[in-house]
Protein chains: 2
Amino acid sequence: MLEGPPLRADAQRNRARILDAAEAVFAEAGPRASTEEVARRAGVAIGTVFRHFPTKDDLLAAIMKRLLAQLVEEAERLDLFAFFRHVVAQAAAKKTVVDLLAGSGVDIRLPEAAGHLEEAVGRLLEQAQAAGAVAAPVRLPEVMALFLSVCQGALHGGWDDQLQARTLAVIFAGLRRD
Amino acid sequence: MLEGPPLRADAQRNRARILDAAEAVFAEAGPRASTEEVARRAGVAIGTVFRHFPTKDDLLAAIMKRLLAQLVEEAERLDLFAFFRHVVAQAAAKKTVVDLLAGSGVDIRLPEAAGHLEEAVGRLLEQAQAAGAVAAPVRLPEVMALFLSVCQGALHGGWDDQLQARTLAVIFAGLRRD
DNA sequence: GAGAATAATGAGTGGAGACTCACTTTGCTA
DNA sequence: TAGCAAAGTGAGTCTCCACTCATTATTCTC
């Protein structure tokens, strides 16, 4: 993570505005939304967006990193089941994360941030297994796979509360007794 | 389903070629692949593609319909668990269906064909419950939700055989004992 | 507060891809 | 097999969008 000299005040302000706008725009319209829309929403010229993020992918990667970090924080506050419920409930509002975790058309790798998430979920799994809430043979890879699958399903399927509860119930039952 | 006069022989031939090419191209590159690539692969001029399918969405809808019909056939040959396994294993090879079932950026509704699939899976569920292989309180909506979720997960996550088996094992356990 | 460095601006460029249409070719029918 | 309607062709249009850069504006430093 190479750090140059500190950013000028206006640059810092704009960078933050752009990230916020990008998060909102991409959450609403998915990663295919245009960079111009982001600039407009941030109240900034298009060139400014590209000064901060030389390519659109850089911008997407930056907000992904923020969102993943947020997920990790949430993982640290909740147990495995609550974490699943929480994230699935939010999936629709976080089109970007889900789409990008899914790699939908856009090529972005964030091994570090994604690794942190996996570690956090790993800790939740250990705790749940120690408490006897998840069967012993369950391993992290399938938990992550289920996690991502369900996020995408919820996002694209437009699940209501009831469907979400019933679907997670099946998965939770499967985790408890494998 | 309005039927005009029958198609001329060359038109029929080309229509079939275009559908085959589109299926292959979109399976490899997803729905974002260009119509020109489809035309090239079909050995046909771009205008011919647009004569048969006035918009790209029409083309996508047409192959979706074929693929859904195929899924229904497979559902009629297999039991619920085998169907899940089969489709998940093929998910990666069928990027289009999955992406479109998921509604990724493209707006296509095929209520009829999708309804048939749901009916077919409904029958599998009934059979499985009658045989005691799936717990009674499980209902069709969550089975469909799990089905679509897992398809997307498998597609985007690039699951290997082992991960696929382990992930499905959790879901199957959840279905058996809810 | 003057000067230098950094940042913002936004019209402009280039490329991709969906779709059109004037013209040519092909298949059907009488 | 002549004639015509159906189908095929592909260069060209149009729109959208990522990205650039010469110019102007804002901060920082002394």
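Owing to the predicted nature of the structure, the values given are computational and were not obtained by experimental measurement. Residue numbers start from 1 in every chain, and the chains themselves are labelled A, B, ... in the order their sequence lines are given, proteins ahead of strands.
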I need the [atom1]-[atom2] distance between [X] and [N], as an integer number of Å.
X: A/R51; N: D/dA25; atom1: CZ; atom2: C1'; answer: 12 Å
X: A/I18; N: C/dA7; atom1: CD1; atom2: C1'; answer: 11 Å
X: B/Q12; N: C/dC28; atom1: CD; atom2: C1'; answer: 13 Å
X: A/R40; N: D/dA18; atom1: CZ; atom2: P; answer: 11 Å
X: A/R32; N: C/dA18; atom1: CZ; atom2: C1'; answer: 12 Å
X: B/E36; N: C/dA16; atom1: CD; atom2: C1'; answer: 10 Å
X: B/R17; N: D/dA7; atom1: CZ; atom2: P; answer: 16 Å
X: A/R15; N: D/dT26; atom1: CZ; atom2: P; answer: 22 Å

Using a strict threshold of under 4.0 Å (side-chain N to carboxylate O), is an ion pair present between A/R123 and A/E126?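 A/R123 and A/E126: not salt-bridged.
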N-O pairing of A/R41 and A/E36 below 4.0 Å: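 Salt bridge flag = no for A/E36 with A/R41.
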Base, sugar-phosphate or nothing for [X]? Non-hydrogen atoms, less than 4.0 Å.
X: A/T35; value: sugar-phosphate
X: A/R13; value: sugar-phosphate
X: A/S34; value: sugar-phosphate

B/D161, CG: over 12 other non-hydrogen atoms inside 6.0 angstrom: no
Closest approach to the side chain of [X], judged atom by atom: which nucleotide of [options] is it?
X: B/F50; options: D/dA7, C/dA7, C/dT20; value: C/dT20
X: A/T55; options: D/dT9, D/dA7, D/dC19; value: D/dC19
X: A/V44; options: C/dT9, C/dG10, D/dG8; value: C/dT9

Check the phosphate of D/dA7 against B/N14, side-chain N and O only, distance under 4.0 Å to OP1 or OP2. Yes or no? no
Below the 4.0 Å mark, does D/dA7 have OP1 or OP2 next to a side-chain nitrogen or oxygen of B/H52?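 So the side-chain polar atoms of B/H52 never come under 4.0 Å of the phosphate oxygens OP1 or OP2 of D/dA7.
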Can you tell me if [X] uses its side chain to pair, donor with acceptor, with the backbone of [Y] under 3.5 Å?
X: A/E142; Y: A/R139; value: yes
X: B/D58; Y: B/T55; value: yes
X: B/Q129; Y: B/V138; value: yes

N/O to N/O distances under 3.5 Å, protein versus nucleotides 28-30 of chain D:
residue, atom, partner, partner atom, Å
D/dC28, OP1, A/A9, N, 3.0

Which word best sums up how the rings of A/F83 and A/F147 line up, parallel for under 30°, tilted for 30 to 60°, or perpendicular for over 60°? parallel
